[in-house]
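In what follows, a structure is listed as structure tokens, so that the remarks can point back to it.
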Amino acid sequence: MLSTLYHTIEYALKEATGQEEVFLVEGGEHADLASTVAFGLAKVRRKNPAMISRELAETLAAREDFGDIAVEALGPYLNFHFSREVIERALQDATRPGYGTHPRREERVVLEHTSANPNGPLHVGHIRNTILGDTLARCFRKAGYPLEVQYYVNDMGRQIAIVVWGFCTIADTSLAGEKGDHHVARIYIAANRALEARPECVAEVDRLMQQVERGDQATVLLFRKAVTECLEGFRVTLQRLGARHDRFVWESDFIRNGDTDRVLSRISHMPECHVDGRLWLDLSESGFEKEYVLRRSDGTSVYAARDLAYHTWKGRNFDRVIDVLGADHKLIGAQLIATLRLLGEKGPEIVHFEFVSLPEGSMSTRAGKFVSADELLEEVERRAREEVTVRRPELPETERLAIARSVALAAIRYDIARISPEKSTVFDWNEALDFERQSGPYIQYAHARASSILEKAGEFEECVALENEHEMALARHIIRFPMVIESVVRELKPHLLAAYARELADLFNAFYHFEPVLKSEGITRRSRLTLVKATQNTLAEALQTLGIDALRTM
RNA sequence: GUCCCGGUAGGGUAGUGGAUAUCCUAGAAGCCUGCGGAGCUUUUGACCCGGGUUCAAGUCCCGGCCGGGGCGCCA
């Protein structure tokens with residue numbers, strides 16, 4: 001509804017100014033939307049921008065499609081205000097379940113996220129990938145796109161070969177109750193130490209890689225067993241994080257089905273291709289200095305080659321291909337896109353996120369230097385249990401545990417989703433365990449408060465009659481929700497939704513503080529209850545899209 | 001060395017070239033026998049440095065400085 005108004009204004013401005021692009025900005029406290037076109041026109045027309053703005057305002061106000069839009073020239077700025085009727089109508093939409101869900105679209109989207117190597121548990125760096133990816137996925141679904149979420153399983157890299165070598169050579173004392181991914185990490189760390197001590201064994205690892213690429217049955221089984229064990233652990237962690245993948249795509253499939261050979265064969269005919277034992281591309285024309293090696297001199301393929309096959313497949317089966325990858329993949333991602341372009345295949349849009357490090361330095365699975373996601377979940381849940389027990393001692397234990405789990409997940413997911421991906425961060429236990437600030441639980445709390453009011457109110461007849469600034473500010477924010485979802489999928493920025501939800505909770509808390517609902521009367525009471533219902537529903541939809549439980553009580 | 005990201009109050013963080021730079025935290029002062037105080041109000045405090053483009057720069061360009069990452073026949 002708002003986007004209709006947005007487009008109406010945009011179109012009218014283009015017509016009135018003759019400009020190709022006019023851009024609308026958030027009006028802040030001045031207006032619902034605003035435009036600064038007058039500044040630019042001032043130069044071209046050699047006229048005072050305030051005068052231009054005044055003339056434009058007159059022209060626009062006369063338009064028939066501006067029935068619900070008031071135009072005002074304030075100095076050089078053009079301010080647009082939506083009519084009360086529009087806001088009140090939009091607010092009624094907001095009280096209905098599913099608010100913010102866009103109509104079904106045709107464009108098929110594939111989103112790859114997490115895709116961590118199965119050589120140890122997911123750690124606090126990986127889950128930045130998971131949470132960004134899963135939040136984006138939820139936004140795409142909310143925005144009406146048919147979406148498939150994939151996990152790309154690197155099941156044949158050198159790191160997995162090292163794990164397999166470790167399983168074959170190191171005495172393994174399995175620990176009771178140990179998750180598969182943690183078990184694999186122990187072996188991987190030990191194997192790396194052993195290889196450092198005896199570098200001559202590296203040849204054995206190379207041989208494993210050659211055998212698995214040839215499809216040697218016994219070796220393939222060993223790889224699969226190790227990878228599966230690790231993956232089983234991942235599944236548990238991912239589920240606890242509330243993240244779901246529709247499909248696990250195994251890298252080795254692209255060897256077995258011949259796709260890797262096919263793509264390498266196509267590449268071998270390209271002028272940029274060089275074969276001198278190994279096979280590599282000279283991408284200097286596309287701005288890359290480094291050789292892009294795709295096949296080793298022993299004939300085995302490199303990760304990049306299989307990735308080309310994988311992305312060719314994705315590009316042909318989906319309209320929009322999105323990858324969430326760590327900053328360490330920036331170069332290889334750019335090379336991948338450049339190569340796919342040369343091949344005439346569709347390339348992915350890549351969301352790169354910067355690294356999460358520990359106070360003592362960067363994480364390393366090989367060195368065993370990491371904080372696992374399981375550890376984090378465990379600790380945060382423990383803290384949340386304490387907190388819930390203090391606040392709600394009267395609740396039965398099972399209920400307290402369920403609330404604590406939701407609160408813990410809210411804290412973790414929100415803390416990651418709120419930070420824009422290009423910011424590198426340092427993991428801090430004190431921060432992770434602190435819910436006493438505007439955070440996931442803070443937003444859940446606003447929702448619980450709203451739910452509580454509605455429960456006490458019982459049945460009421462909805463109506464909207466906004467009376468004061470607190471109500472208006474809250475209403476204006478509520479009706480922006482569908483456009484926020486739109487922005488997230490357009491710009492691939494999940495933190496916009498995180499910020500939106502927090503602002504909504506802020507505005508609700510201010511409204512809650514100043515405007516009594518249950519103690520008001522008549523039409524004021526009904527209108528405020530309707531506003532509470534719209535808030536509660538919008539918070540619930542926003543939280544759900546962030547992968548956070550909208551608790552009715554906590 | 002080179003390429004890519006960051007650099008915004010003491011700490012963290014948001015900011016499409018446009019109106020008084022967002023929010024948390026920390027510090028100070030308040031609110032409450034009101035619908036759930038995981039709350040609210042007031043206040044202290046910031047755009048790394050130097051040039052440039054522009055009517056207008058936190059935002060764009062160039063050069064520094066600091067932090068993170070890449071530059072492997074690893075993934």
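Every heavy atom of this structure was used, including side-chain atoms; hydrogens, water molecules and symmetry mates were not. Within every chain, numbering begins at 1; the chains are lettered A, B, ... in the order of the sequence lines, protein sequences first and strands thereafter.
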- Query: When the P atoms of B:rA19 and B:rU59 are considered, how many whole Å apart are they?
  - Reply: 13 Å

- Message: Taking the basic N atoms (NZ, or NE/NH1/NH2) and the acidic carboxylate oxygens, is any pair closer than 4.0 Å for A:E112 and A:K314?
- Response: yes

- Task: Look at the side-chain N and O atoms of A:S439 and state whether any lies under 4.0 Å from the OP1 or OP2 oxygen of B:rA38.
- Result: no

- Query: Taking 4.0 angstrom as the limit, do A:R391 and A:E387 come out as a salt bridge?
  - Reply: yes

- Query: Could you state the CG-C1' distance from A:L395 to B:rG36, rounded to the nearest angstrom?
  - Reply: 12 Å

- The side chain to side chain donor-acceptor pair (under 3.5 Å) partners of A:T135 (sequence neighbours excluded) come to A:R413

- Query: Partner of B:rU20 by Watson-Crick or G-U wobble geometry, both contacts under 3.5 Å, or none?
  - Reply: none

- Message: Suppose you measure atom C1' in B:rU8 against the same atom in B:rU25; what distance do you get, rounded to whole Å?
- Response: 16 Å

- What does B:rG10 pair with, Watson-Crick or G-U, if both distances are under 3.5 Å? B:rU25

- Message: Base, sugar-phosphate or nothing for A:V532? Non-hydrogen atoms, less than 4.0 Å.
- Response: nothing

- Task: Check whether any side-chain N or O of A:K43 sits under 4.0 Å from OP1 or OP2 of B:rA56, and answer yes or no.
- Result: no

- Message: Please classify the nucleic acid contact of A:R525 as base, sugar-phosphate, or nothing, using heavy-atom distances under 4.0 Å.
- Response: nothing

- Message: How would you summarise protein contacts on nucleotides 66-75 of chain B per nucleotide, using B for base, S for sugar-phosphate only and - for none, with heavy-atom distances below 4.0 Å?
- Response: --BSSSSBBB

- Item | Nearest-Å distance once atom C1' is located in both B:rC47 and B:rG17 | 15 Å

- Query: Which pairs with one or both residues in residues 489-518 of chain A pass salt bridge (charged side-chain N to carboxylate O under 4.0 Å, His left out), sequence neighbours excluded?
  - Reply: A:E491-A:K493, A:R502-A:D506, A:E515-A:R528

- Task: Return no unless some side-chain N or O of A:Y442 is found under 4.0 Å from OP1 or OP2 of B:rU25.
- Result: no

- Query: Which whole number of Å gives the distance between the C1' atom of B:rG58 and that of B:rU13?
  - Reply: 14 Å

- Query: On a whole-Å scale, what distance lies between the P atoms belonging to B:rC5 and B:rU16?
  - Reply: 16 Å

- Residue set satisfying side-chain contact (heavy atoms from CB on, under 4.5 Å) with A:T553, at least two apart, ordered chain then number -> A:R392, A:E399

- Searching all strands shown, indicate the nucleotide that pairs with B:rG30 (Watson-Crick or G-U wobble; both distances under 3.5 Å). B:rC40

- Item | Euclidean distance, atom NE2 of residue A:H352 to atom C1' of B:rG6 [Å, nearest integer] | 15 Å

Sub-3.5 Å pairs of nitrogen or oxygen atoms, protein against nucleotides 30-34 of chain B:
none

Give me, pair by pair, the N or O atoms of the protein and of nucleotides 16-20 of chain B that are less than 3.5 Å apart, along with how far apart they are.
| residue | atom | partner | partner atom | Å |
| --- | --- | --- | --- | --- |
| B:rU16 | N3 | A:L24 | O | 3.4 |
| B:rU16 | O4 | A:L24 | O | 2.9 |
| B:rG18 | O2' | A:Y77 | OH | 3.3 |
| B:rG18 | N7 | A:T36 | OG1 | 3.3 |
| B:rA19 | O4' | A:Y77 | OH | 3.0 |
| B:rA19 | O2' | A:H30 | NE2 | 3.2 |
| B:rA19 | N6 | A:N79 | OD1 | 2.9 |
| B:rA19 | N1 | A:N79 | OD1 | 3.2 |
| B:rA19 | N1 | A:N79 | ND2 | 3.3 |

- Note on the structure: A:E422 CD to B:rG15 C1', in whole Å, measures 12 Å

- Query: Would you say A:T389's side chain and A:R385's backbone share a donor-acceptor pair under 3.5 angstrom?
  - Reply: yes

- Item | Residues that A:N509 engages under side chain to side chain donor-acceptor pair (under 3.5 Å), provided they are two or more places apart | A:Y442, A:R449

- Between A:R476 and A:D32, is the closest basic N to carboxylate O distance under 4.0 Å? yes

- Message: For B:rG58, give the paired nucleotide (Watson-Crick: N1-N3 plus N6-O4 or O6-N4; G-U: N1-O2 and O6-N3; both under 3.5 Å), or none.
- Response: none

- Message: I'd like the P distance from B:rU53 over to B:rC62, given in whole Å.
- Response: 15 Å

- Using the P atoms only, state how far B:rA28 lies from B:rG36, rounded to an integer number of Å. 31 Å

- Measure the distance from CZ on A:F288 to C1' on B:rC4 and round it to the nearest whole Å. 11 Å

- Item | For atom OH of A:Y414 and atom P of B:rG12, their distance in whole Å | 18 Å

- Task: With RNA chain B as reference, determine whether A:P441 or A:I419 sits nearer its 5' end, using the nearest nucleotide of each.
- Result: A:I419

- Between A:E379 and A:R382, is the closest basic N to carboxylate O distance under 4.0 Å? yes

- So which nucleotide from B:rA38, B:rG36, B:rG6 ends up closest to the side chain of A:R449? B:rG36

- Task: Not counting sequence neighbours, which residues clear side chain to side chain donor-acceptor pair (under 3.5 Å) with A:S284? List them please.
- Result: A:D282

- Message: Only pairs with both distances under 3.5 Å count, Watson-Crick or wobble alike; so what is the partner of B:rG63 in this structure?
- Response: B:rC49

- Query: Got a sec, which pairs hit ring pair (Phe, Tyr, Trp, His ring centres under 6.0 Å) with one end in residues 274-297 of chain A, sequence neighbours left out?
  - Reply: A:H274-A:W280

- Message: Show me the pairs that pass salt bridge (charged side-chain N to carboxylate O under 4.0 Å, His left out) and involve residues 286-304 of chain A, at least two apart or across chains.
- Response: A:R278-A:E291

- Item | Pairwise salt bridge (charged side-chain N to carboxylate O under 4.0 Å, His left out) hits with a residue in residues 416-429 of chain A, at least two apart | A:D415-A:R418

- Would you say a side-chain N or O of A:N509 is under 4.0 Å from OP1 or OP2 of B:rC40? yes

- Message: Taking only the C1' atom of each, what is the distance from B:rG12 to B:rU2 in whole angstrom?
- Response: 32 Å

- Query: Rounded to the Å, how far apart are A:F460 CZ and B:rC35 P?
  - Reply: 19 Å

- Query: Could you give the CG-to-P distance, from A:L325 to B:rC4, as a whole number of Å?
  - Reply: 19 Å

- Message: From CZ of A:F435 over to P of B:rG36, roughly how many Å is that when rounded to an integer?
- Response: 23 Å

- Query: What nucleic acid atoms does A:T300 come within less than 4.0 Å of, heavy atoms only: base, sugar-phosphate, or nothing?
  - Reply: nothing

- Task: Among residues two or more places apart or on two chains, list those pairs meeting salt bridge (charged side-chain N to carboxylate O under 4.0 Å, His left out) that have a residue in residues 115-132 of chain A.
- Result: none

